[in-house]
Amino acid sequence: MVAVVTGKDLEKYNLHWMPTLMSDTQMVLPTDTVMYQAQEVAAVIATDRYTARDGKEAVRVEYEPMTPVMDPYKSMEPGAPVLRPDKPGKTDNHIWHWEAGDRAKTEEVFKNADVVVKQHMHIPRIHVASIETCGCVAAYDKIENHLTMYMTTQAPHAIRTVIALVAGHVGLTEEKIRVISPDIGGGFGGKVPVYPGYVIAIAVSFLTGAPVKWIEDRSENLQADSFARDYHITAEMAGTKEGKILATRFKVLADHGYTDASANPSKFPTGLFSIGTGSYNYDTAFMEADAVYTNKPPGGVAYRCSFRVTEAVHAVERMTDLFAKQVGKDPAQLRMENFIKKDEFPWKSPTGGTYDSGDYHAGLEKAMKAIAYDEMRTEQIELRKQGKLMGIGISTFTEIVGAGPSKDFDILGIKMFDSAEIRVHPTGKAIARFGTKSQGQGHETTYAQIIAEELGIPAAHIQVEEGDTDTAPYGLGTYASRSTPTAGAAAAVAARKLRDKARKIAAYLLEVSEEDLEWEPGKFFVKGAPDKAKTIQEIVFAAYTNHPQGMEAGFEATHYYDPPNLTFPSGAYICIVDIDPETCEIKIRRFVAIDDCGNIINPMIVQGQVHGGLTQGLAPAMYEELIYDEAGNILNGTLMDYLVPTAVESPSWETGHTVTPSPHHPIGAKGVGESPTVGAPPAIVNAIVDAVSHLGIKHLEIPVTPYKLFKELKKVGYFK
Amino acid sequence: MNTTIEKTFEVTEPIEKVWQSLSDPTQIVTCVPGASLTEKIDEKNYKGEVETKFGPVKVKYDGHIEIVELDESSHKLVLKGKGLDSKGKGSADMEMTGILAQEDGKTTVNFVMNISIVGTLAQFGSRLIGDVSNQLMKQFIENFKAKLAGEEIDNSMSAGGMVGSIVKSKLGSIFGGKKEA
């Protein structure tokens with residue numbers, strides 16, 4: 001055993017609290033009060049894992065029980081215990097209030113509308129549960145006064161800056177810190193924040209001079225890491241009796257646990273929830289949200305979704321179905337009639353965004369054709385006559401990714417650009433480095449392809465490297481489907497800078513003027529004389545061996561790409577479910593996903609992303625939820641009880657795409673990693689509700705488990 | 001994690017004899033599987049401990065037992081127990097009400113146990129906590145009956161046995177066996 005560290009020990013160095021990415025504060029280790037079950041209270045440092053475990057068993061903690069506040073609504077009530085008395089002047093548990101849209105106009109439209117549908121829904125607390133947990137090795141070198149931090153982070157550069165901000169006062173300044181993020185076994189948003197374990201590892205390594213490893217076990221990961229979601233939404237939609245959507249109104253209560261440890265851009269406490277007006281053409285909406293503290297773990301990170309988009313999409317897609325039902329229209333037809341048309345882009349949403357492009361009609365048509373929509377509706381009528389339960393569910397969502405333009409988007413003040421640096425060696429082979437960090441998204445392939453396309457060097461000759469802050473250019477990392485929209489764009493622009501240089505060198509070598517040259521991938525040739533040409537490899541060689549006088553030697557370019565707008569991928573998903581009328585077992589018979597992520601760089605990678613994303617959409621729809629009881633116990637803190645769907649539970653996904661390029665992105669790409677996670681849950685739930693709607697069920701809360709469905713069917717008298 | 005269990009059973013002993021055992025903490029507490037009294041503070045307050053094991057989780061609750069109500073005329077006893085695991089794994093609260101009634105020389109005993117568990121045990125055993133409590137109650141009643149009959153009782157709790165018998169009763173109810181009341 002080497003050491004046991006408590007909050008009191010850290011307090012001596014002012015390291016017992018740390019800032020969150022949302023400028024709230026979080027305990028590294030508590031000094032007097034524990035805020036939630038499974039919170040870390042002491043760290044045991046030992047020379048091997050077994051000894052550390054034994055040491056942990058020997059730690060004695062005396063807890064004095066307090067009354068926990070678990071329900072966010074109760075947390076808002078006057079007289080509720082104030083959970084954060086450490087904050088000067090804090091007299092309640094309210095964290096922030098946010099709103100978007102026009103409150104007065106929305107009230108007016110709702111007052112005069114023929115039809116108003118209203119539904120309360122909870123988007124439960126879930127956990128990304130990546131197979132590899134969070135961990136690090138902090139290696140402080142006393143002689144060099146240098147820290148090397150090997151860690152599983154999605155945002156190595158931002159983490160380096162945060163470490164420097166937290167530990168600068170003990171002499172660990174930013175040039176003395178190197179963060180290396182090697183291959184990562186899944187991130188999904190859970191590996192963006194700073195966790196107490198990182199800080200403790202650094203502190204102990206700093207004091208002992210020995211490298212310190214911290215790695216979570218599965219239960220610690222599930223119980224103490226950042227959660228996702230936990231939005232209580234009261235949603236309303238107003239429209240005409242003919243089925244025209246006129247307005248939406250969402251009121252959100254956000255349960256943030258004991259601190260707001262989300263990883264949203266600073267100005268967006270609810271992330272990009274304002275996308276909740278959906279894919280539909282109406283000009284009136286109002287949304288508001290309040291965040292509160294409860295005695296649960298901190299967080300509010302993404303779960304493979306771009307900053308609270310899943311919550312928003314779930315609300316609007318459920319409401320669209322409820323509205324269709326209310327006016328007696330087929331949900332597909334109602335969507336078709338309300339879609340924003342492709343020539344109406346760029347389209348200004350009533351809550352502030354400007355959608356770049358889309359063709360929603362084409363997407364839904366393609367999905368309906370693939371699933372044989374009309375035949376399915378006919379079959380449904382037949383099956384109902386036989387007493388069978390079958391449902392068809394649609395979700396036609398708009399995503400919002402690629403954060404983001406520097407005028408609005410920053411994390412802890414750092415603007416959300418991203419970067420690429422390309423170095424082409426004399427022999428025409430290249431290394432390209434990025435500020436992002438792949439966790440299995442295949443950046444090594446797609447970035448190389450972008451550069452290959454722009455520069456004509458074979459993709460196989462381009463080495464892609466990320467995750468080492470000493471070598472890669474600064475960037476904000478990979479999450480929120482931002483890599484292709486930002487760093488992918490940076491790669492294209494940097495490659496174009498090199499192509500401009502190549503043109504100059506080619507003109508010099510061929511003794512013609514630049515305007516006389518024409519480019520085809522791989523070479524410049526003289527207009528009208530295609531044999532008079534120089535390949536990119538010859539040009540690059542010349543950049544090192546025979547460059548024009550007055551020109552800078554070498555063949556390297558860097559670009560920091562600041563996107564002019566976000567990108568707006570979309571999708572049309574249709575799901576068919578069969579429900580066992582006796583056991584309530586829910587089986588997904590078919591699931592068709594038509595995605596539009598703009599120009600596709602690598603179809604196979606996109607397909608892989610879509611498959612993974614759909615499975616992580618199935619998860620919250622039917623399986624995953626972190627459950628707490630009133631006393632504050634987490635009731636499913638292991639993977640035995642917290643159900644992560646596997647290949648066994650997953651249906652055979654049928655995927656396809658339409659292509660509507662982004663007009664403002666250098667290569668027209670939009671990003672895709674998270675679209676399926678965002679779009680799948682409402683398609684699945686809409687299908688399940690559709691299967692039992694004729695029995696009097698209008699809404700089901702996710703995750704829809706067989707037992708939950710059984711109870712609801714019992715309520716409406718289906719089961720005696 | 002809250003659970004309430006109620007059991008009613010009959011013994012052939014006269015009510016006064018049963019009340020004697022019920023109203024004496026030194027007798028009644030030792031019928032609780034895994035429990036022992038360590039100190040008497042006053043007539044109404046005792047210190048004790050409960051040691052129990054559930055799968056890999058072993059908890060030892062250092063507890064305080066308070067007699068909230070002891071009414072000889074209505075033969076009613078209300079006990080409150082509060083325990084804190086000595087290693088910080090959580091706490092348990094228990095309220096037990098025992099009421100006796102007389103009928104044709106026999107005594108009807110009614111027990112209501114309200115158990116609330118916080119901590120590792122609660123999250124670890126959330127799915128089986130009801131079954132565990134039922135099992136504890138069953139063992140408690142057996143011990144109580146044995147005590148009345150003047151037999152020696154063994155109130156140590158064997159964890160393996162407990163989980164094993166729960167598995168058996170679960171399987172029994174799945175495969176059509178008689179469900180435990």
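To find a chain, count down the sequence lines: A is the first, B the second, and so on, and within it residues start at 1.
- Within a 6.0 Å radius of NZ in Lys147(B), more than 12 heavy atoms belonging to other residues, nucleotides or ligands are found.
- Under the 6.0 Å cut-off for aromatic ring centres, His127(A) and Tyr642(A) do not qualify, their centroids lying 6.0 Å or more apart.
- Of the atoms belonging to Glu630(A), not a single heavy atom falls under 4.5 Å from chain B.
- Using a 30° and 60° split on the angle between ring planes, His75(B) and Trp19(B) fall in the perpendicular class, above 60°.
- Looking at Val59(A), the atoms closer than 4.5 Å to chain B (heavy atoms on both sides) all sit in the backbone: N, CA, C or O.
- When heavy atoms are compared at a cutoff of 4.5 Å, Gln37(A) approaches chain B solely by way of its side chain, counted from C-beta outward.
- In summary, Glu77(A) and Lys74(A) do not engage in a salt bridge, as defined by a charged side-chain N under 4.0 Å from a carboxylate O.
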